[in-house]
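This report concerns only the one structure given below.
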Amino acid sequence: MDLITPTPTQARDVLTSRSRLVPFLFSFAVYGVAGITVPLMLLFAGGWFLPKTIDKGPHLSTVPAIVVDVLLLALFGLQHSGMARPSFKAFVTRWVPEALERTVYIVMVCLVMWVIMLAWQPIPAVIWSAEGTAGLVLDAGFWLGFVLVYAATLLLNHFHLLGISQAYREYVIQVPDATVDRLQVNGVYRLVRHPLMTGLLVSFWFASTFTVGHLVWALGLTGYILLGTYLEERDLIARFGASYRAYAAQVPAFFPSVFRIFGRSSRQP
């Protein structure tokens, strides 16, 4: 979470102060809900293990199912992109402490994801079904994307991304959030600008059995990712200016250059 360990006095003060303990426990509970929701969403999308997935479960006929699924994906896009905008964050912090703004965002993300998973209408018509080596490769691609999603959250500061770090600093150790307003390009960020989105894209499109419902899901969320990263990069350019423009000119958004992987490019971001 944070390397700063609370002193015995800080720990005692938190435990005896409802105004500090309750918000922190709330952020911790939301973190736990997200820890359940994210892997379930990925398994739901991949059609693995769950009793209901994008390919399995009771469903309407094809046309009504497509309408419902498109509306669900539109809800996802509106919630994600709308609440991520600086203007909406400013609106939220008029009503909740700034340290809990990310927690509120995560609550809404989880709520929308559960609505989508419960209301999704499978469209089981098969577009392709691969067996043997091809099927194994496609299924392995899904799991690679699954792992990349979690690896990317660690690279992005996992606890900050899910809101618990902000609450810990505000309510437990009472130290200002150490956000560095400087463009940092380390590790996998030298290969791609959005590794989390890379993992999601791979998990959405790799499947040994690919149905029409899976296609609707993959197309819809790919469209959201493209729009969301466009809006995010616009904010990053506004924040970092020429530094981010130079970085973006050298490093691809989602999939790394073969030359960069093998170190044949002499350019460094």
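Index from 1, following the sequence.
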Assess the residue pair Leu161 and Arg102 against the criterion (side chain to side chain contact (heavy atoms under 4.5 Å, CB included)); give the C-alpha distance rounded to whole Å, side-chain angles, the decisive distance to 0.1 Å, and a yes or no.
CA-CA 8 Å; Leu161 186 68; Arg102 186 68 184 180; 3.4 Å; yes
For Val104 and Trp95: C-alpha separation, side-chain torsions, deciding distance, then whether side chain to side chain contact (heavy atoms under 4.5 Å, CB included) applies.
CA-CA 11 Å; Val104 170; Trp95 307 97; over 6 Å; no
Passes side chain to side chain contact (heavy atoms under 4.5 Å, CB included), Tyr150 versus Val38? Steps please.
CA-CA 10 Å; Tyr150 279 90; Val38 172; 3.8 Å; yes
Begin with the C-alpha distance, continue with both residues' side-chain angles, and end with the deciding distance and a verdict on side chain to side chain contact (heavy atoms under 4.5 Å, CB included) for Phe255 and Leu201.
CA-CA 10 Å; Phe255 298 102; Leu201 287 170; 4.3 Å; yes
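When all heavy atoms of Gly141 and Val202 are compared, the closest pair comes out as O-CG1, 3.1 Å. Nearest heavy-atom pair, His59 versus Gln121, reported as atom, atom and distance to 0.1 Å: CA-OE1, 3.2 Å. When all heavy atoms of Tyr247 and Val192 are compared, the closest pair comes out as OH-O, 3.6 Å. Across Cys110 and Ala34, no two heavy atoms sit closer than the pair SG-CA, 3.7 Å. When all heavy atoms are compared, the tightest approach of Leu73 to Val216 is CD1-O, 3.4 Å. Here the shortest heavy-atom pairing between Leu100 and Ala167 reads CD2-CB, 4.3 Å.
With hydrogens and angles ignored, the 3.5 Å screen pairs a side-chain donor or acceptor of Lys56 with a backbone N or O of Leu50. Within the 3.5 Å criterion, the main-chain N or O of Thr93 finds no donor-acceptor partner in the side chain of Glu101. No donor-acceptor pair under 3.5 Å is formed between the side chain of Asp55 and the backbone N or O of Gly47. The backbone N or O of Phe44 sits nowhere less than 3.5 Å from a side-chain atom of Lys52 that would complete a donor-acceptor pair. A donor-acceptor distance shorter than 3.5 angstrom exists from the side chain of Thr198 to the backbone of His194, with no hydrogens or angles considered. A donor-acceptor pair is defined here as one N or O able to donate and one able to accept, closer than 3.5 Å; no such pair exists between the side chain of Arg193 and the backbone of Phe254. Checking side-chain atoms of His80 against main-chain N and O of Tyr224 turns up no donor-acceptor pair under 3.5 Å. At distances below 3.5 Å, at least one donor-acceptor pair connects side-chain atoms of Thr16 with backbone N or O atoms of Asp13.
With hydrophobic clusters built from ILVMFWY side chains whose heavy atoms lie under 4.5 angstrom apart, Leu21 shares a cluster with Phe28. Placement of Leu78 and Leu71 in two distinct hydrophobic clusters is found when ILVMFWY residues are connected by side-chain heavy-atom separations under 4.5 Å, directly or transitively. Trp120 and Val63 sit in two unconnected hydrophobic clusters of ILVMFWY residues. Membership requires side-chain heavy atoms under 4.5 Å apart, directly or through other members. Cluster annotation: Phe204 is connected to Trp128 through the hydrophobic network of ILVMFWY side chains, with a link wherever side-chain heavy atoms come within less than 4.5 Å. Ile36 and Leu200 fall within the same hydrophobic cluster, where Ile, Leu, Val, Met, Phe, Trp and Tyr residues are linked whenever their side-chain heavy atoms come under 4.5 Å apart, directly or through other members.
Aromatic ring pairs are classed by plane angle as parallel below 30°, tilted from 30° to 60° and perpendicular above 60°; the pair Phe91 and Phe88 is tilted.
Side-chain contact between Leu231 and Ser81: present, with at least one pair of heavy atoms (C-beta onward) separated by less than 4.5 Å. Taking 4.5 Å as the limit, some side-chain heavy atom of Ile237 sits within range of a side-chain heavy atom of Arg245. Looking at Trp114 and Leu40, their side chains come closer than 4.5 Å, going by heavy atoms from C-beta outward. Inter-residue side-chain proximity for Met83 and Gln79 is flagged as met; some heavy-atom pair is nearer than 4.5 Å. A 4.5 Å side-chain heavy-atom check between Leu75 and Val112 finds at least one atom pair inside the cut-off. With contacts defined as side-chain heavy-atom distances shorter than 4.5 Å, the pair Ile164/Phe24 qualifies.
Taking the ring centroids of Tyr31 and His158, they lie under the 6.0 Å cut-off. For Trp217 and Phe76, the ring centers are positioned 6.0 Å apart or more.
Residues Glu170 and Arg20 are not paired through a salt bridge, judged by the lack of any N-O separation under 4.0 Å between the basic side chain and the carboxylate.
Side-chain N/O atoms of Trp48 and Thr53 include no donor and acceptor closer than 3.5 Å. Using modelled atom types, one finds a donor on one side chain and an acceptor on the other under 3.5 Å when comparing Trp205 with Thr222. Side chains of Thr7 and Thr9: a donor-acceptor N/O pair is absent below 3.5 angstrom, by distance only. At a cut-off of 3.5 Å, with distance as the only test, no side-chain donor of His160 or Tyr168 sits close to an acceptor on the other residue. Using modelled atom types and a 3.5 Å distance limit, the side chains of Tyr244 and Glu233 yield a donor-acceptor pair.
For the atom pair Thr209 OG1 and Glu131 CD, the distance stands at 8.0 Å (nearest 0.5 Å). Taking CG from Leu162 and OG from Ser27, the interatomic distance works out to 10.5 Å, rounded to the nearest 0.5 Å. Ser203 contributes atom OG, which lies 6.0 Å from atom CZ of Phe142 (distance to the nearest 0.5 angstrom). Here Ile225 contributes atom CD1 and Leu227 contributes atom CG; the two are 11.0 Å apart, rounded to the nearest 0.5 Å. In this structure, the separation between NE2 on His214 and CG on Leu219 is 10.0 Å, given to the nearest 0.5 Å. Remark: Leu215 CG to Asp69 CG distance equals 11.5 Å, nearest 0.5 Å.
Atom CD of Gln174 has more than 12 heavy atoms from other residues, nucleotides or ligands within 6.0 Å.
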